[in-house]
Amino acid sequence: MKRRHLGLRLSTWAVLLFLHIPIAIVGLYAFTTESSAFTFPPPGLTLEWFGIAWDNGDVRGALSLSLRVAATATVIALILGTMAAAAVWRRRFFGREAVSLFVVLPIALPGIVTGIALRSAISLGRIPFSFWTIVIGHATFAVAIAYNNVAARMRRTSHSLLEASADLGANGWQTFRHVLLPQIRPALIAGGMLAFALSFDEIIVTTFTAGNQQTLPIWIFSSLVRPRQRPITNVVALFVVALTIIPIVLATRLTRNTEGTSG
Amino acid sequence: MTTSAVTLADVTKRFGDVVAVDGVSLDIAHGEFFSLLGPSGSGKTTCLRMIAGFEAPTEGRVLLHGEDVTGLAPYQRNVNTVFQDYALFPHMTVHENVGYGLKVRGVSKTDRSPRIDEALDLVHLGGFGDRKPGQLSGGQRQRVALARALINRPRVILLDEPLGALDLKLRHAMQIELKSIQRDVGITFVYVTHDQEEALNMSDRLAVFNLGRIEQIGPPQSVYEAPRNEFVAGFVGVSNVVHAGLAEALTGRAAPFTVRPEKISLYVADAPPADVSTCDVSGTVVDVIYLGMFTRYAVEVAHDTTLEVVRQNVEAPSQDRGLFGATVNLQWDRDACRYLSEGSAENNQGGTQ
């Protein structure tokens, strides 16, 4: 008994280490006193890179762009995703299953395909690259995430709740506000957080739709080519990790907690 | 002439090629407890949903208190529904659920509260206001659903098999309670059920549905005692159908009739002398079912006809199993025979054989 457990435990640890040592290294070298070389162990630890990163105009510009893009793409995704999910849930129409598939397809599609497709579409339409072209690129997969979450929640919501609300005198808006929205709220929060996290660290689609602007992941990628002040890159990478992990953890916790009460 | 509370005027509902309701007309009076009784798929729930406004009729009109509401949305109609699955809002407390109708109509919180308490008291749920629906039993949820409808003081309440999910004992208790609440508040109740016993003991009048049509409308006594056709006879209560051939031998009239099991007397010895006012036949007991208060016998009187007879267990009936296989004499009053209208006897499904 014990021995078998030991084997399992060892392999679990091996997998965890394999997955997370690279991230730990990024974390560790965000504090190193060396500016370009990597020696192990680091000759000394310092917090100065955090200050330097914070004062770096490029970093701040990229951070602000990434946050604005992620927030905008998330809002668009929640609105469109909820509307699509509601349509598929409430009505039976020709091509209903196909709509589900086509909404979710961008997640399955390789980012590079989405990126190329968007780039061709953008240049065909002679649309200048801007904040909005990045947002549109991110919205493609963010909508799918929002849709999936909301649709799953709606499937577990009885239609008779909406009928009861209308029956008791509520108009369409009141029914949405007082009955449907509270029902799907956990799905909106979870879907929104996941969409935000994915948008925030997205790089492939962004390379095709960004023009000259740099989101945070693109800034990291481009600064790897210039190995000056590498610890700054590590600091920024660490920040991206934190900003994407926190929402994902919250989102999973949220969906797990509501599982039992939705009945 | 006073206008009816609910009127369906020649209403038809089609879902694609399926005709769910086929030319139904009925009038429900103010303050009436009216049941729509029928097997599943007979169109009774669709009729209820058309009164509520969840479905629009394909043809025909729906009137509430003389006003044509055919084109109105559910929230524009002064009716409230108690749903089969209760449809309580799971994220709201009992208090909030019951107050919902007032809230969306703009009644202030301070005005709502006493009315909510009053409605909860009416269904004996005072003190449960802070619970969530998930913390209530089936019977309690049922009461919340009723209170949520009653509080709006609608002129009609629609109930869609509201007791279907409750166990037998609770059902009986709720039947009595529903009826007494209805009597107290004086609101018209339209009640959908497939349970004939429920329809008989609660309704002022009932409509028997079959295949999207109404087979018979009337008070429970007349529907039970004088079923118009074989379907009604078979669906409402247990019924013995005697086909034309045997009927001619018994009554001299070659028309099929039904006779209720409790109207037939069973004699192990000779029956009292037959005369023109009685029907007499003998047969073999092919089944004996002891049911506590009474015993049910199946007596084969012809190769294609078995009559069911119910006998109260006045004496200790333990020996009656001994009647199995015995030849017995049956006698009943000729007035107990209900002749069936020929037309609808052909498309019947539920007649006892």
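Just so it is clear: chains get the letters A, B, ... in the order the sequence lines come, proteins before strands, and each one is counted from 1.
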*Within a reach of under 6.0 Å around CG of B/D130, are more than 12 heavy atoms found that belong to other residues, nucleotides or ligands?*
no
*Between B/F89 and chain A, which part of the residue has a heavy atom less than 4.5 Å away: side chain, backbone, both or neither?*
both
*Non-hydrogen atoms of B/F83 and A/E163 that approach each other most closely*: CE2-OE1, 3.6 Å
*Pairwise distance NE2(B/H91) to NE2(A/H178) - rounded to 0.5 angstrom*: 9.0 Å
*Any chance you could measure A/S158, atom OG, to B/Y86, atom OH, to the nearest 0.5 Å?*
13.0 Å
Going by residue number, which parts of [range] are within reach of chain A, meaning a heavy-atom gap below 4.5 Å?
| range | answer |
| --- | --- |
| residues 134-160 of chain B | B/R148, B/N152 |
| residues 11-22 of chain B | none |
| residues 99-115 of chain B | B/Y100, B/G101, B/K103, B/V104, B/R105 |

*Residue A/S165 versus chain B: region with a heavy atom under 4.5 Å*: both
*asked:* Can you list everything that forms a salt bridge (Lys or Arg N to Asp or Glu O under 4.0 Å) with B/D195? Sequence neighbours excluded, please.
replied: B/R171
